[in-house]
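Since the structure is predicted, the reported quantities are computational estimates derived from the model, not experimental observations.
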Amino acid sequence: MADNPTAVKPTVLFVCVHNAGRSQMAAGYLRALGGDAVEVLSAGSAPKDTINPVAVEAMAEEGIDISDNTPKVLTVDAVRESDVVITMGCGDACPIFPGKRYEDWELDDPAGQGIEAVRPIRDDIRSRIEALLADLVPTRGAA
């Protein structure tokens, strides 16, 4: 898809258990760095009611506001409409469809962690997002 400038923009789905930390930070980075070149979705296999406030704080330090985001339940339709599905510790909860690109990012869970522990997770996510973006949309790669 990245080689064809007329291709429809790719859709990326980030999935973690609670859709309150890692997947929300990843979605926030991809929206901020990818702009309108990429569609971004996130969901959880067992979503929480609200986003982790420490994840919100960590992203605010980067100038990215995810405070209005709401955890969403993972649906088969979300996976079906995505080109890339990135899981973060949700195990086998994500349905598999042929022809999709799947990646499993092993990241520590920020749940219950302080800001000092969440910053390295956030920074790891950013570097992975920059690499993903460079692969999906080469003109929008690492800044």
Side-chain angles (χ1 to χ4, degrees), residues 1-111 113 115 117-143:
M1 187 173 297
D3 297 332
N4 183 353
T6 61
V8 176
K9 63 183 167 181
T11 299
V12 179
L13 170 64
F14 296 101
V15 183
C16 67
V17 175
H18 297 132
N19 191 217
R22 295 166 288 187
S23 57
Q24 293 286 353
M25 289 190 288
Y29 269 129
L30 189 55
R31 283 186 189 102
L33 300 174
D36 61 0
V38 182
E39 284 292 326
V40 181
L41 304 172
S42 71
S45 53
K48 291 281 191 190
D49 293 330
T50 59
I51 293 185
N52 179 337
V54 182
V56 171
E57 180 185 352
M59 293 302 287
E61 291 178 352
E62 295 283 290
I64 299 171
D65 182 6
I66 62 170
S67 63
D68 288 338
N69 295 4
T70 304
K72 295 171 192 65
V73 69
L74 176 65
T75 65
V76 171
D77 287 342
V79 177
R80 187 178 291 124
E81 68 186 61
S82 299
D83 300 297
V84 180
V85 179
I86 296 175
T87 57
M88 303 168 184
C90 65
D92 297 330
C94 193
I96 304 293
F97 288 98
K100 306 276 180 208
R101 173 176 164 183
Y102 290 88
E103 293 183 20
D104 184 49
W105 291 358
E106 291 190 25
L107 298 161
D108 290 335
D109 189 345
Q113 303 285 339
I115 190 70
V118 173
R119 283 183 184 125
I121 299 167
R122 175 203 63 200
D123 296 344
D124 186 4
I125 290 170
R126 181 182 180 120
S127 67
R128 292 169 187 250
I129 291 297
E130 288 173 343
L132 176 68
L133 194 55
D135 185 44
L136 291 177
V137 188
T139 59
R140 300 293 293 245

Practice prompt. Please name the pair of heavy atoms, one in Ile64 and one in Ala32, separated by the smallest distance, quoted to 0.1 Å.
Written response: CD1-CB, 3.7 Å

Worksheet item: Between the main-chain N or O of Ala20 and the side-chain N or O of Asn52, is there a donor-acceptor pair closer than 3.5 Å?
Response: no

Practice prompt. To the nearest 0.5 angstrom, please state how far the CD atom of Glu81 sits from the NZ atom of Lys100.
Written response: 8.5 Å

Worksheet, complete the sentence: Correct closest heavy-atom pair for Met25 and Pro110 would be CE-CG, 4.2 Å

Practice prompt. Write down the atom of Leu41, the atom of Ala78, and the distance for their closest heavy-atom approach.
Written response: CD1-O, 4.1 Å

Discussion item. Before you tell me yes or no, could you show the steps for Arg80 and Asp77 under salt bridge (charged side-chain N to carboxylate O under 4.0 Å, His left out), namely the whole-Å CA-CA distance, both residues' side-chain angles and the distance that decides it to 0.1 Å?
Written reply: CA-CA 5 Å; Arg80 187 178 291 124; Asp77 287 342; 2.8 Å; yes

Worksheet item: Which heavy-atom pair separates His18 from Ala46 by the least distance, and what is that distance?
Response: CD2-O, 3.1 Å

Worksheet item: Hey, are Arg128 and Glu103 close enough for a salt bridge, meaning a charged N less than 4.0 Å from a carboxylate O?
Response: no

Discussion item. If you compare all heavy atoms of Met88 against all heavy atoms of Asp104, which two are closest, and at what distance to 0.1 Å?
Written reply: N-OD1, 4.0 Å

Discussion item. Please report the interatomic distance CZ(Arg22) to CD1(Ile121), rounded to the nearest 0.5 Å.
Written reply: 8.0 Å

Worksheet item: Could you state the interatomic distance from CZ (Arg119) to CD (Glu61), rounded to the nearest 0.5 Å?
Response: 4.0 Å

Worksheet item: Checking Lys48 side chain against Pro71 main chain: does a donor-acceptor pair fall under 3.5 Å?
Response: no

Discussion item. Using 0.5 Å steps for rounding, measure from the SG atom of Cys16 to the CD1 atom of Ile86.
Written reply: 12.0 Å

Worksheet item: Going from CG on Leu136 to CG on Asp83, what distance comes out if it is rounded to the nearest 0.5 angstrom?
Response: 8.0 Å

Worksheet item: Quick one: CG on Asp108 to CD on Glu106, what's the gap to the nearest 0.5 Å?
Response: 10.0 Å

Response to the item:
Residues at least two apart in sequence or cross-chain that pass side-chain contact (heavy atoms from CB on, under 4.5 Å) with Val40, listed by chain then number, are Phe14, Ala27, Leu30, Arg31, Val38

Fill in: Side chains of Asp109 and Val17 in contact at under 4.5 Å (non-hydrogen atoms)
no

Discussion item. Minimum heavy-atom separation for Asn19 and Ser42, please, with both atom names.
Written reply: ND2-OG, 3.2 Å

